[in-house]
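To keep things clear, I will list the structure first and then write my remarks on it.
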Amino acid sequence: MQMFKEQIAQRLAPLVDWEPERVAAALEIPPDAKLGDLAFPCFQLAPKLRKAPPAIATDLANRLEVPAVVAKVEVVGGYLNFFLHPHALAQQVLEAVLEAGDGYGNAQLGAGKTIVIDFSSPNIAKPFGVGHMPTTVLGNSISKLYKALGYNVVRVNHLGDWGTQFGAMIVAYLRWGENDPLTEDPIGKLYRLYVKFHQEEEKEPSLRDEARAWFSRLEAGDPEARKLWQLFYDVSLKNFKRTYDRLGIDFDYYTGESFYVDKIDAALERVKAAGITEVSDGALVVPLGDDLPPCLLQKSDGATLYATRDLAALFYREETFKPERIIYVVALDQSLHFKQLKLVLEKMGLPLADALVHVPFGLVKLPEGKMSTRRGQMVLLDDVLQEATSRVREIIAEKNPELPQREQVAEEVGIGAVIFHNLKNSRMRDIIFDWNEVLNFDGETGPYLQYTHVRCMSVLRKAGRQELALPQDLSGITDEVAQQVLKRLSQFPEIIVKAAESYEPSTMSRYLLDLAQDFNRFYNTCRIIGEVEAVETSRLALVKAVAQVLRRGLDLLGLKAPEQM
Ligand code: ARG
């Protein structure tokens with residue numbers, strides 16, 4: 001709708017003495033199409049003009065010279081309602097969508113600005129559980145949305161590859177690991193060792209001291225500790241990368257916590273120099289007032305913490321990338337951590353405090369309830385992906401056994417279903433994993449959207465018309481159902497902005513579901529192939545535009561759009 005808002009705003013702006021941008025931003029889409037396609041509320045003008053909003057609206061309606069795309073203006077209450085010309089609407093939308101191709105919706109809002117996005121960040125030597133699924137797919141989608149808006153986006157995986165748990169891993173490996181080179185099922189083995197450690201430490205608390213001692217050795221650069229750490233690191237990362245490949249996700253940097261170890265001293269010095277630290281029971285802390293617990297930076301034995309490494313990472317990122325924002329897509333239960341970091345930066349008087357944005361999300365729940373790594377009831381992301389693809393494979397074997405490239409389609413649809421299920425609802429809502437819901441081809445799912453795209457592609461294939469120049473006569477798409485699809489298409493650029501700015505890929509998910517629904521209604525009511533030429537051509541152009549926007553929208557969510565399924 002932006003393009004229409006701008007055309008109306010150009011004419012309306014001088015009459016209300018606002019900048020055209022402000023008028024465009026004030027234009028709303030009325031809740032009911034009977035009230036028009038766009039509405040300008042006059043309430044804000046009332047105090048200045050000392051007139052009632054309906055009188056203002058009437059006066060504006062009389063004086064306004066409407067742009068060609070507006071067919072009619074009506075005053076309803078304090079609103080000025082605009083009805084777009086169906087033919088002009090069709091022409092402008094289809095031209096915009098088809099000419100821009102996959103670039104439709106891209107903008108330059110972020111030109112020259114950099115955003116660092118820290119997401120996924122699983123923990124080394126632990127399995128990649130479904131708990132890390134939302135951050136992984138949300139982060140990927142948010143990166144893509146900002147990229148579409150012209151930002152330079154730096155994707156960082158802040159692997160959990162440092163910390164006292166590595167002391168525990170080393171102890172467990174030395175005690176029960178039997179020198180295993182971890183060539184087979186490394187993650188499973190490491191995980192079992194991790195679980196065993198936590199069972200045994202209940203009985204033998206001295207294991208904890210041993211673990212602490214090993215972590216100190218690791219921090220001090222002890223070669224034996226380092227060698228084992230490297231082994232855990234290598235096998236885990238190799239495994240994680242396989243999962244990322246499957247999800248079609250990549251990173252610019254895999255700079256985990258260990259990357260900052262040699263940058264910690266300088267970071268600590270910087271915080272100390274700001275005069276905001278205190279020593280409490282031998283530990284170095286930054287007191288944060290009555291409302292927040294102090295931020296612990298160094299334990300009495302000299303060990304550093306998660307927060308210390310995050311501060312070092314913040315300084316490093318600022319210096320290296322000069323970002324406008326650093327976005328952390330991390331579970332809600334780490335809110336306190338990010339609040340503390342932000343406050344430490346604020347106390348230091350650094351503008352970096354404003355750049356830090358925590359984007360939280362709810363929990364992933366399986367029918368069994370919440371999972372815990374320690375108790376060893378973790379559901380692996382790999383297993384979920386495996387299950388999804390094999391279920392889709394079965395559906396294909398049953399419904400469409402002749403499908404070309406069945407394997408690839410099963411992968412794209414199965415993985416797509418899982419990704420979409422994570423992005424369908426507002427990110428703060430818990431995600432409940434119910435397979436029937438994830439894979440329902442008729443429900444609000446990834447496969448449903450992919451299927452709608454396939455439907456468009458199949459119409460275009462059947463029509464066999466490669467060249468689709470827009471005809472002069474667009475009467476095939478001026479009726480209500482087609483117009484609804486066109487209006488929806490025209491919203492796509494604003495949806496990208498909205499989804500990015502609120503860090504809510506679900507805004508895009510919802511939009512695509514609406515678009516698919518509008519399209520399916522059109523498809524079920526309007527014949528396409530076999531109509532007179534102008535009608536057929538204009539309808540095919542609409543189908544082509546829908547396919548393109550669905551494909552691009554799915555890509556922004558991280559889903560593939562197969563041509564057949
Ligand atoms: N590894 C952490 C976890 O799994 C997430 C790290 C998030 N990023 C950060 N810079 N703290 O909970």
Side-chain angles (χ1 to χ4, degrees), residues 115-140 142-143 153-166 168-169 187 190-191 194 229 232-233 236-237 239-241 243-244 249 251-261 263-264 267 295-297 304-321 323 325-345 352-353 355-364 370-374 378-381 422 427 503:
I115 281 185
V116 172
I117 175 160
D118 175 321
F119 69 105
S120 193
S121 311
N123 299 315
I124 293 288
K126 282 191 206 165
F128 199 147
V130 289
H132 277 86
M133 194 158 56
T135 164
T136 306
V137 299
L138 280 167
N140 183 50
I142 295 171
S143 318
V153 180
V154 183
R155 302 157 61 106
V156 183
N157 195 323
H158 190 78
L159 295 166
D161 60 3
W162 206 255
T164 41
Q165 74 272 24
F166 285 89
M169 277 311 307
I187 302 277
L190 289 174
Y191 183 43
Y194 179 80
W229 175 87
F232 305 154
Y233 181 90
S236 303
L237 190 56
N239 213 277
F240 294 166
K241 283 189 174 167
T243 307
Y244 290 133
I249 291 179
F251 293 89
D252 298 308
Y253 299 96
Y254 285 90
T255 37
E257 294 182 46
S258 67
F259 178 77
Y260 302 99
V261 170
K263 300 166 183 61
I264 286 214
C295 180
L296 182 53
L297 293 180
T304 60
L305 293 106
Y306 183 50
T308 333
R309 293 184 283 279
D310 254 329
L311 270 180
L314 275 156
F315 297 151
Y316 173 84
R317 289 169 183 175
E318 175 180 48
E319 157 118 17
T320 313
F321 306 113
R325 250 175 286 174
I326 307 180
I327 299 172
Y328 293 84
V329 187
V330 184
L332 179 67
D333 58 8
Q334 294 195 28
S335 291
L336 174 61
H337 170 72
F338 289 105
K339 264 192 208 139
Q340 290 178 309
L341 288 178
K342 209 176 170 78
L343 199 49
V344 169
L345 298 173
L352 184 57
L356 188 164
V357 179
H358 176 212
V359 175
F361 52 85
L363 295 172
V364 179
K370 198 194 161 183
M371 309 138 270
S372 144
T373 357
R374 288 199 178 189
M378 171 105 137
V379 178
L380 304 190
L381 178 53
N422 276 265
R427 59 182 153 75
Y503 312 107

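Read the numbers this way: they start at 1 and go in the same order the structure lists the ligands and their atoms. Keep in mind that the numbers below use all heavy atoms, side chains included, and drop hydrogens, waters and symmetry copies. None of the values given here were measured: they were computed from a predicted structure.
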side-chain contact (heavy atoms from CB on, under 4.5 Å), that's the test. Do Tyr503 and Val329 meet it? Break it down for me. CA-CA 9 Å; Tyr503 312 107; Val329 187; over 6 Å; no
Would Tyr260 and Thr304 count as a side-chain contact (heavy atoms from CB on, under 4.5 Å) here? Give the steps. CA-CA 11 Å; Tyr260 302 99; Thr304 60; over 6 Å; no
Is the side chain of Asp161 donor-acceptor paired with the backbone N or O of Ser258 at a distance under 3.5 Å, no angle test? yes
Between Tyr244 and Phe128, what is the ring plane arrangement, given parallel below 30°, perpendicular above 60°, and tilted in between? perpendicular
Using modelled atom types only, decide if a donor and an acceptor are shared between the side chain of His358 and the backbone of Val330 within a distance under 3.5 Å. yes
At a 4.0 angstrom heavy-atom cut-off, what protein residues surround ligand 1? Asp118, Ser121, Asn123, His132, His158, Tyr306, Asp310, Tyr328, Val330, Gln334, Phe338
Checking Thr135 side chain against Phe119 main chain: does a donor-acceptor pair fall under 3.5 Å? no
